[in-house]
Amino acid sequence: MTRSACLIFNPVAGQGDSEADLKQIRSLLEPDIQLDIQFTTEEVDAGQLALQAVDNGVESIIASGGDGTLSAAAEALVETNIPLGIISRGTANAFAAALGIPDTIEAACQNILAGNTRVVDSARCNGKPMILLAGIGFEAETVENADREAKNRYGMLAYFISGLQQLRDFANCEFEAKIETDNQMITVTAAALTIANAAPPTSILAQGPAGIIADDGLLDLTIVAPENRMGAIASAYHLLQTAFRDEATKRDDIGYLQSKRLQVETSPPQKVVMDGEIIGTTPIEIECIPSSLTIFVPVNSFKEPSDKLEGLPGLKIEDRPESE
Ligand SMILES: Nc1ncnc2c1ncn2[C@@H]1O[C@H](COP(=O)(O)OP(=O)(O)OP(=O)(O)O)[C@@H](O)[C@H]1O
């Protein structure tokens with residue numbers, strides 16, 4: 001056996017039988033990977049366990065739990081070159097969906113065993129590591145309202161119920177935002193701003209451009225600014241459709257742009273949720289950290305950055321000779 005890993009396991013994640021889950025993971029991985037199994041507790045989270053493993057010179061880390069556990073482990077591995085394997089056992093499993101990682105235990109373990117890695121970007125939001133996205137306004141309220149008890153009872157539905165409750169008041173959620181990008185200052189009235197490094201299709205408020213690319217060195221900002229409740233419902237529905245069709249939005253009340261760094265100030269101050277946790281209120285400053293996290297992913301799991309050249313007058317494309 002040549003491979004080894006620290007398996008960080010949250011025994012209370014999700015709604016499944018965690019003993020059976022661990023047994024399955026061990027039976028799939030242990031023939032090929034020597035596992036040092038560490039359990040998260042209420043006091044010691046996945047981030048602390050991952051940092052400890054890094055200090056001990058671990059070869060790779062496998063995290064298994066909900067999005068909280070996975071984000072904490074990933075954040076600890078930023079800029080370490082230590083590869084992260086992901087086995088989702090949570091409610092929303094946004095983390096795996098955003099990075100193209102299969103969400104059944106068996107397929108996630110096969111992905112780790114296959115050993116294909118990819119280096120993706122991460123970001124820093126008000127000094128804290130961020131892997132997926134930060135939501136300002138609407139999304140933050142939704143996360144805050146989908147509490148543990150509701151998640152246990154309704155699973156993913158808890159987020160939708162909370163989202164629908166919020167949608168009723170969407171038009172009253174308006175705030176003034178001042179946004180500073182790499183090269184622009186923008187002032188706008190909005191109900192939700194989402195800044196994504198990577199995002200699953202279910203994070204509809206991040207889907208202005210659709211298909212956020214996690215290794216392009218850039219953050220994607222989506223601005224949602226409906227005029228009234230009907231507009232809010234229509235724009236949310238539109239984003240849901242375009243996200244699943246992988247098309248950029250065309251509505252006037254939704255905007256998007258890319259930037260390496262973004263600063264956002266709002267009036268009045270708005271709650272900010274980052275990778276599923278409320279981290280405080282605006283203002284925020286977010287910067288992309290290109291190529292800073294190595295993860296086990298299936299081959300071809302990411303959309304390639306698109307380009308379009310066909311149709312241009314006088315177009316000629318040749319392979320470039322290898323540089324000396
Ligand atoms: N051994 C443990 N006993 C009690 N709570 C724990 C334990 N280990 C971790 N936790 C708690 O679990 C939470 C993290 O849960 P995680 O995100 O992994 O799963 P989840 O909440 O089920 O996922 P999701 O957010 O998708 O619903 C943290 O609040 C942490 O304090």
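No experiment lies behind these values; they were computed from the predicted model shown. Just so you know, ligand 1 is whichever comes first in the structure, and atom 1 is the first atom listed for that ligand. Numbers here simply count residues along the sequence, with the first being 1.
- Backbone and side-chain nitrogen or oxygen atoms of Pro11 are examined, and none is located within less than 3.5 angstrom of a nitrogen or oxygen of ligand 1.
- Near Gly68, with a cut-off below 4.0 Å to any heavy atom, the atoms of ligand 1 are 17 (O).
- Contacts of Ala13 with ligand 1, taken as heavy-atom pairs under 4.0 Å, involve both backbone and side chain.
- Between Gly90 and ligand 1, a contact under 3.5 Å exists for no N or O pair.
- The shortest separation from a heavy atom of Asp45 to ligand 1 is not under 4.0 Å, leaving the residue out of contact.
- Under a 4.0 Å N-O distance rule, the pair Arg3/Asp32 does not qualify as a salt bridge.
- At under 3.5 Å, a nitrogen or oxygen of Asn10, whether backbone or side chain, sits near a nitrogen or oxygen of ligand 1.
- Of the residues Glu227, Glu174, Glu176, the one that meets the side-chain hydrogen bond (donor to acceptor under 3.5 Å, both in side chains) test with Thr189 is Glu176.
- Comment: Asp182 does not engage Arg261 in a salt bridge, judged by the lack of any side-chain N to carboxylate O separation of less than 4.0 angstrom.
- Under 4.0 angstrom from ligand 1, the non-hydrogen atoms of Thr69 come from both its backbone and its side chain.
- Taking 4.5 Å as the limit, some side-chain heavy atom of Val44 sits within range of a side-chain heavy atom of Leu49.
- When only modelled atom types and interatomic distance are considered, Ser88 and Asp103 share no side-chain donor-acceptor pair under 3.5 Å.
- Side chains of Asn183 and Thr181: a donor on one and an acceptor on the other come within 3.5 Å.
- If you number the atoms of ligand 1 from 1 as listed, the ones under 4.0 Å from a heavy atom of Gly14 come out as 22 (O).
- Taking the ring axis of Phe9 as reference, the NZ or CZ atom of Arg89 stays within 45° of it and closer than 6.0 Å to the ring centre.
- Relative to atom 1 (N) of ligand 1, the option among Thr40, Leu70, Ile8, Val12 with the closest non-hydrogen atom is Thr40.
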